[in-house]
Protein chains: 2
Amino acid sequence: MSLVLGDKWRGRVSQRTAQAVRSAAAELGYRPNLAARNLRLGRTRTALLVVPALTNDYFARVYTGAARVAARNGFGVVLYPSPEGVGPAPDPFSSARAALDGVIASSMAVEALDAISGDPAAGTAGLPLVMLDSEPGAAGAAATVNLDLADGMRQVVDHLVALGHRRITHIAAAVDSWTFQVRRDAFDAAVRGLSGAVGGREPAGLSVEQGLQAARRALTAPGPRPTALVCDDDLLAAGACKAVRRLGLRVPEDVSVTGFDDLALATAVEPELTTVRLPADEVGARGMAALLAALDGHAPEPADVLPVHLTIRGTTTAPAEG
Amino acid sequence: MSLVLGDKWRGRVSQRTAQAVRSAAAELGYRPNLAARNLRLGRTRTALLVVPALTNDYFARVYTGAARVAARNGFGVVLYPSPEGVGPAPDPFSSARAALDGVIASSMAVEALDAISGDPAAGTAGLPLVMLDSEPGAAGAAATVNLDLADGMRQVVDHLVALGHRRITHIAAAVDSWTFQVRRDAFDAAVRGLSGAVGGREPAGLSVEQGLQAARRALTAPGPRPTALVCDDDLLAAGACKAVRRLGLRVPEDVSVTGFDDLALATAVEPELTTVRLPADEVGARGMAALLAALDGHAPEPADVLPVHLTIRGTTTAPAEG
DNA sequence: ACGGGTAAGTTATACGTAACACCATCGAGG
DNA sequence: CCTCGATGGTGTTACGTATAACTTACCCGT
């Protein structure tokens with residue numbers, strides 16, 4: 001309607017008419033039909049965010065950041081997958097109810113992304129794609145947004161080494177995602193360069209319970225006990241702390257523990273977790289910004305890397321003598 | 001297209017033609033245009049979920065449950081508000097990008113709901129509305145889905161009283177939401193009926209830090225010290241545990257602590273929290289089911305109340321003598 | 001005074017789908 | 001043999017918006 005025109009075409013409609021239309025619209029409770037508008041314009045101002053699970057606070061924060069800048073630009077965000085999992089939806093058109101203008105995907109949900117890319121009903125084919133936490137130069141991605149996890153891991157190891165730790169074990173998430181591969185490589189590199197340092201690794205899932213079990217294995221393995229456990233995320237770290245105590249040891253006096261993420265959990269446990277704070281909402285925000293730029297035709301910088309900071313709290317200290 | 005017709009009008013199109021259309025569609029990569037379909041049908045198979053913040057695990061789980069049954073029925077779920085907060089969106093049409101078929105709202109986000117109801121651009125006026133965690137019979141709601149929080153609180157107090165506690169303080173969320181009012185009333189009722197029991201109350205926000213401060217106030221107030229702290233959610237409980245220890249006391253030997261929700265956090269802290277498990281995903285799922293029923297014309301049962309269960313873990317024990 | 005140019009207003013069309021009405025064909029029964 | 005019914009296929013229309021194209025009115029300059 002001319003109301004919309006009135007917003008931009010100041011020269012096409014008189015002030016008086018615009019005012020009249022406005023008041024009439026208000027009176028009748030007129031509301032534009034989104035479906036019709038989308039059909040006419042051929043775009044929906046809606047982006048799809050592909051993440052593994054919102055119940056992981058990290059991804060909830062990614063969503064929050066993405067939704068914030070989306071809203072600021074008149075965009076909406078819908079989520080995939082439905083927590084059903086990745087399987088085909090019962091109704092072939094249900095995978096993404098809204099037509100989409102673009103896609104933002106976390107590398108931790110690549111299976112989901114593959115699923116919807118392969119699903120002709122999902123309608124993501126040929127859409128601008130921004131990858132989060134993903135190898136720069138990923139195929140098909142217009143841009144990537146990353147965290148400098150290698151630097152984060154380096155900060156962690158440097159911190160522990162500076163405290164005097166030498167026997168350090170990496171409680172590694174056994175998840176086939178680039179972000180964890182980076183942690184593994186960075187840990188190895190940091191430990192390799194140090195004289196007298198011993199780095200071990202214990203694979204685990206991504207939960208408190210898995211962290212507990214992996215840490216128990218690491219601490220009860222034959223040979224000298226590690227004095228520090230570097231965990232791939234805060235859930236694992238919380239589990240590791242529990243394992244330490246169940247073995248009758250103390251955190252951090254006997255074993256130091258570090259995490260990644262800085263979830264709410266990190267300050268809820270005691271002692272509070274020393275962890276690498278990941279600006280998750282910033283990842284989401286940058287991802288959405290990059291997508292918007294791509295949609296506007298501006299080429300976004302193809303690879304954005306965000307700095308991370310080690311937050312030193314209560315779970316790290318110098319190792320006991322011996 | 002006839003493909004779609006073929007799905008339901010078996011008598012209208014021959015097997016041969018249906019097959020031909022199908023293969024042609026597959027070959028050309030045909031995908032129906034959602035916007036056009038929505039326009040034609042006048043519905044979008046999309047529901048709006050109004051919650052305060054996804055970074056609270058409770059609401060992430062509500063979303064998960066709602067999205068699960070939505071997906072199963074070919075529906076989508078979009079979230080409001082954008083984390084901007086509740087203020088008017090820069091673009092008057094951006095509040096909800098998708099046209100909506102219905103709304104599910106948590107009573108903890110009533111301000112947001114008021115905002116979008118009052119916002120003519122949001123387009124929720126006259127839409128079927130399901131309220132979660134809300135007073136049964138709420139105005140304008142086709143149905144409500146609730147947790148039996150009164151019973152949960154009763155279970156908590158009964159558990160503590162059975163252990164021998166008499167001086168029990170309620171660390172209450174000072175949030176103007178029905179769900180917390182219920183907890184307050186139930187706590188008062190449970191304590192009132194007991195001879196010799198003393199119930200106090202200390203208001204707090206909804207964070208670990210606020211729980212810590214409220215618990216510190218409760219424990220350092222003049223008069224006999226409470227032996228148990230009943231917290232309105234797990235974040236407050238985690239904070240309360242920290243307060244107890246900072247005062248040189250032990251959990252649970254000196255002070256027992258309970259929470260509500262059973263977040264991931266509950267089993268990450270030590271000792272693990274005794275808490276009332278709230279089936280958040282079930283709340284979301286029932287809410288969506290009720291909305292779907294309302295959209296189908298079936299009147300859903302107006303008020304659904306889900307049972308809750310006290311999960312006894314490590315933060316409660318009998319009080320020390322004295 | 002007349003024409004050209006600009007500002008304002010009006011009309012027409014297309015977007016892609018679903019539903020309905022209409023048409024063609026064929027078989028069976030009167 | 002003709003008609004009626006059933007079955008399969010085709011054509012048309014409307015959903016509500018945005019915009020281009022067209023029309024009208026007015027002002028000003030020559």
Side-chain angles (χ1 to χ4, degrees), chain A residues 1-46 74-76 91-101 120-127 295-296, chain B residues 1-46 74-76 91-101 120-127 295-296:
Chain A
M1 283 303 277
S2 50
L3 190 155
V4 178
L5 302 182
D7 267 8
K8 42 166 68 171
W9 293 17
R10 289 232 169 264
R12 298 281 295 126
V13 73
S14 70
Q15 301 282 344
R16 220 178 41 125
T17 314
Q19 191 53 43
V21 171
R22 242 176 278 273
S23 64
E27 194 156 347
L28 299 179
Y30 166 79
R31 253 172 330 97
N33 179 314
L34 268 306
R37 179 197 296 256
N38 289 343
L39 175 60
R40 180 66 179 82
L41 296 193
R43 41 159 215 187
T44 55
R45 299 185 81 75
T46 299
F75 262 67
D91 167 18
F93 306 129
S94 69
S95 40
R97 287 312 309 171
L100 304 172
D101 282 355
T124 62
L127 251 40
L295 288 172
D296 275 357
Chain B
M1 284 303 278
S2 49
L3 190 156
V4 178
L5 302 182
D7 267 8
K8 43 167 67 173
W9 293 16
R10 289 233 169 265
R12 297 283 294 129
V13 72
S14 68
Q15 301 281 345
R16 219 175 44 121
T17 314
Q19 192 52 42
V21 171
R22 242 177 278 274
S23 65
E27 194 156 348
L28 299 178
Y30 166 80
R31 255 175 327 95
N33 180 314
L34 267 306
R37 178 196 295 254
N38 289 343
L39 174 59
R40 182 63 179 86
L41 294 223
R43 47 162 205 185
T44 55
R45 298 184 80 76
T46 299
F75 263 66
D91 166 19
F93 306 129
S94 68
S95 39
R97 287 311 310 171
L100 304 172
D101 282 354
T124 63
L127 251 40
L295 288 172
D296 275 356

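For the numbers below, each heavy atom of this structure counts, side chains included, while hydrogens, waters and symmetry mates do not. Throughout, a chain's letter reflects where its sequence line sits, starting with A, and its residues are numbered from 1. Small disclaimer: the values here were computed from a predicted structure and weren't measured.
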| Distance in angstrom units between A:N33 CG and D:dG16 P, rounded | 7 Å
| request: Output the distance between atom CG (A:L39) and atom CG (B:L34), rounded to the nearest 0.5 Å. | output: 11.5 Å
| Any side-chain heavy atom of A:D101 within less than 4.5 Å of one from A:T46? | no
| field | Rounded distance (Å) that lies between atom C1' of D:dA14 and atom CZ of B:R40 | value | 6 Å
| request: Round to the nearest Å and state the distance from B:Y30 atom OH to C:dG16 atom C1'. | output: 7 Å
| request: Answer whether the closest heavy-atom distance between the side chains of A:F75 and A:T44 falls below 4.5 Å. | output: no
| message | Rounded to the nearest 0.5 Å, what separates atom CZ in A:R43 from atom CZ in A:R37? | response | 8.5 Å
| How many Å lie between CG on B:N38 and P on C:dT17, as a whole number? | 12 Å
| message | In this structure, how many angstroms lie between the P atom of C:dC15 and the CG atom of A:L34, rounded? | response | 21 Å
| request: Classify the nucleic acid contact of B:L39 as base, sugar-phosphate or nothing, counting any heavy atom under 4.0 Å across all strands shown. | output: base
| query | Taking OP1 and OP2 of C:dA18, is either one under 4.0 Å from a side-chain nitrogen or oxygen of B:R37? | reply | yes
| field | Nearest-angstrom distance from the residue atom CG of B:L41 to P of C:dC20 | value | 12 Å
